Amino acid sequence: MPNYNAPVEDMMFLFDKLRNNKNYNEIEKYKEVNSELVKNILDEAAKINQNMILPLAKIGDETPTILENGVVRTPPGYKEAYSKFIEDGWTSLSCDPKYGGQGMPKTVSAFFDEMLSSASLSFKLYSELSIGAYNCINHHATDEIKNRYLPKIVEGKWSGTMCLTEPVCGTDLGLLKTKAEEQSDGTYKLNGQKIFITSGDHDLTENIVHLVIARATDSPKGTKGISLFLVPKFKVNEDGSLGSRNGVSTGSIESKMGIKGSATCVLNFDDAVGYMIGPKNKGLNSMFTMMNLERIVVGIQGLGISEIAYQNSLMYSKERKQGKSNNNKTSNGSADFIIEHADIRRSLLNMKSIIEGERALCFWLSQQTEVSLNHENEKIKQEAADFVSLMTPVVKALFTDMGSEIT
């Protein structure tokens, strides 16, 4: 099993040294988020990632998630770890206290995302999409929907997904075939199939809240006719309790080269009851609230994997002996540790410098994201939103490419 020590000191360096951001510091609700509080959070985050979640990475690859008699079963230890994970409140870290969250800024939750990505990306993905679903519902749903679904998502008892891709369309979502037919009670019945759905089904939570893009039967073709729907795995009663199983089933789970502990599913919707989120035919606008935040988090995945790869490379270079280095003048004729070789040190320093630069950029982008969502001045909010729109695809592409290169 690889070793991992969460880089808390490096993270706190950024938190302390890059805090002098005037616009970010003007956000009233984060003025009490000080270094002592953040250090305590990151120290506890380091413990759970190093001691409990890191061992799940090897287990998840050796004993993958399976689909058995219509039920998706996660690897051994995942259920117990997830119960402890939500008991300690990690799913609620950046969520609104109104729904049971802790209200921490993304400058803090991004550090936690990095730790999780380093420790076990497969395990992380079961909660990652839930936060994206939370953000989308929180920004676009009615108060009735928010009050019914968000507290359970924040608590971690329910999880969330993002259902876009279909067999006939990936990036060109205007070709989607999933249909939504309005009912007399204002709900919709959805029929269609979605593929490559991360955490589309599993046995970790009581319910799964699918955010599905589909076309209403009276909507135009192309992207202008796409709406967004909330479709729960189990129907939710008026009092918030779970009702009967909805018309959502798992056709299969993908066989993958990595992250085998994560369930990537084919989902079938057969007269599944759904609720429209946001305006009709404006589903992509609503979904992009979730997608843009997810793109940043995907970039952070690359950063987290780079960090654990670097740490284990450094450790190995101090244990493995090979050849004689021209730099080691004290050698007694035996082979040197490979860290003594200049090219090995160059490789390690290259990894480290890229990682530190990425982490700093991620922290700055997290600040801009908070400003774009929470600043009182509309002009400042828009400027920050423009920065976020520009840098989000850069972070996703750069961090994941560098993650491949560094590993």
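In this chain, numbering begins with 1 at the start of the sequence shown. Please read all numbers here as calculations on a predicted model, not as lab measurements.
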| said: Any non-hydrogen side-chain atom of Leu211 less than 4.5 Å from a side-chain atom of Leu230? | reply: yes
| request: Would you confirm whether Asn191, through its side chain, and Asp271, through its main-chain N or O, come within 3.5 Å as a donor-acceptor pair? | output: yes
| said: Do His140 and Leu228 make a side-chain contact, defined as non-hydrogen atoms from C-beta onward lying under 4.5 Å apart? | reply: no
| query | Under 3.5 Å, is there a donor-acceptor pair between the side chain of Glu68 and the main chain of Arg73? | reply | no
| Trp364 and Met391: which non-hydrogen atoms are nearest, and at how many Å? | CZ3-CG, 3.9 Å
| task | Evaluate whether atom CD of Glu405 has more than 12 neighbouring non-hydrogen atoms of other residues, nucleotides or ligands under 6.0 angstrom away. | result | no
| field | salt_bridge(Asp113, Lys106) N-O dist < 4.0 Å | value | no
| field | Asp96 CG to Asn138 CG distance, which is reported to the nearest 0.5 Å | value | 6.0 Å
| request: May I ask you to check whether Phe123 and Phe85 place their ring centers less than 6.0 Å from one another? | output: yes
| field | Under 3.5 Å: donor-acceptor pair, side chain of Thr91, backbone of Val154 | value | yes
| query | Counting only heavy atoms not in Phe234, do more than 12 fall under 6.0 Å of its CZ? | reply | yes
| said: Any salt bridge linking Arg359 with Glu356? Criterion: basic side-chain nitrogen under 4.0 Å from a carboxylate oxygen. | reply: no
| query | Under the side-chain contact (heavy atoms from CB on, under 4.5 Å) criterion, do Tyr188 and Val212 qualify, and how do the steps go? | reply | CA-CA 12 Å; Tyr188 286 78; Val212 186; over 6 Å; no
| field | Non-hydrogen side-chain atoms of Leu150 and Lys98 separated by less than 4.5 Å | value | no
| Are any of the side-chain heavy atoms of Ser317 and Ser313 separated by less than 4.5 Å? | no
| query | In terms of the angle between their ring planes, are Phe111 and Phe363 parallel, tilted or perpendicular, with boundaries placed at 30° and 60°? | reply | parallel
| request: Output the distance between atom OG1 (Thr63) and atom CG (Leu56), rounded to the nearest 0.5 Å. | output: 11.0 Å
| said: Treating Glu114 as the side-chain partner and Leu303 as the backbone partner, does any N or O pair qualify as donor plus acceptor under 3.5 Å? | reply: no
| message | When you measure from the side chain of Thr187 to the backbone of Gly274, do you find a donor-acceptor pair of N or O atoms at a distance under 3.5 Å? | response | no
| note | When every non-hydrogen atom of Gly200 is compared with those of Leu267, the smallest separation belongs to O-CD2, 3.9 Å
| Interatomic spacing from CD1 in Ile59 to CG in Leu54 - rounded to 0.5 Å | 10.0 Å
| query | Looking at Glu62 and Lys260, does any basic side-chain N land under 4.0 Å from a carboxylate oxygen? | reply | no
| said: With a 4.5 Å cut-off on side-chain heavy atoms, are Val298 and Phe399 touching? | reply: no
| task | Find out whether Ile153 and Ile137 are in side-chain contact, i.e. whether some heavy atom of one side chain is under 4.5 Å from a heavy atom of the other. | result | yes
| query | Between Asn34 and Glu36, is there a donor-acceptor pair closer than 3.5 Å when you use the side chain of the first and the backbone of the second? | reply | yes
| said: Just by distance, no angles: are the side chains of Tyr24 and Thr107 close enough, under 3.5 Å, to form a donor-acceptor pair? | reply: yes
| Is atom NZ of Lys280 surrounded by more than 12 heavy atoms (other residues, nucleotides or ligands) closer than 6.0 Å? | yes
| task | Return yes if some donor-acceptor pair links the side-chain N/O of Lys256 with the main-chain N/O of Ser262 below 3.5 Å, else return no. | result | yes
| request: Kindly determine whether Val266 and Gln193 satisfy side-chain contact (heavy atoms from CB on, under 4.5 Å), including the steps that lead there. | output: CA-CA 7 Å; Val266 174; Gln193 185 182 76; 3.7 Å; yes
| Between the side chains of Ser159 and Tyr82, is a donor N or O closer than 3.5 angstrom to an acceptor N or O? | no
| Glu383 with Lys379: basic N within carboxylate O range, under 4.0 Å | yes
| Which pair of heavy atoms, one from Phe229 and one from Ala180, lies closest together, and at what distance? | CZ-CB, 3.4 Å
| field | Check against side-chain contact (heavy atoms from CB on, under 4.5 Å), Ile131 and Cys95 | value | CA-CA 8 Å; Ile131 300 303; Cys95 299; 4.1 Å; yes
| message | Measuring only between side-chain heavy atoms, which start at C-beta, is Asn147 closer than 4.5 Å to Tyr99? | response | yes
| field | Salt bridge Asp43-Lys39, side-chain N to carboxylate O under 4.0 Å | value | yes
| remark: By side chain to side chain donor-acceptor pair (under 3.5 Å), Asp386 pairs with (sequence neighbours left out) Gln382
| Do side-chain atoms of Thr205 reach the backbone of Asn207 as a donor and acceptor pair under 3.5 angstrom? | yes
| query | Under 6.0 Å from the CG atom of Asn40, do we count more than 12 heavy atoms belonging to anything else shown? | reply | yes
| said: For the CD atom on Glu319, are there more than 12 heavy atoms of other groups (residues, nucleotides or ligands in this structure) within a distance under 6.0 Å? | reply: yes
| request: Calculate, to the nearest 0.5 Å, the distance between atoms CD1 and CG belonging to Ile355 and Asn350 respectively. | output: 9.5 Å
| Considering only heavy atoms from C-beta outward, does the side chain of Val33 approach that of Met104 to under 4.5 Å? | yes
| query | Salt bridge between Glu166 and Lys177, side-chain N to carboxylate O under 4.0 Å? | reply | no
| request: Mind checking the CD1-NZ spacing from Ile208 to Lys233? Nearest 0.5 Å is all I need. | output: 4.5 Å
| field | Worked verdict on Glu376 versus Lys381 for salt bridge (Lys or Arg N to Asp or Glu O under 4.0 Å) | value | CA-CA 8 Å; Glu376 293 182 355; Lys381 283 181 71 172; over 6 Å; no
| query | So, does Asn312 use its side chain to make a donor-acceptor pair with the main chain of Asn3 at under 3.5 Å? | reply | yes
| Are a donor atom and an acceptor atom from the side chains of Gln102 and Ser92 found within less than 3.5 Å of each other? | yes
| Could you give the distance from OG1 (Thr223) to CG (Asn281), rounded to the nearest 0.5 Å? | 10.5 Å
| request: Evaluate whether atom CG of Asn69 has more than 12 neighbouring non-hydrogen atoms of other residues, nucleotides or ligands under 6.0 angstrom away. | output: no
| query | Between Gln367 (side chain) and Asn21 (backbone), is there a donor-acceptor pair under 3.5 Å? | reply | no
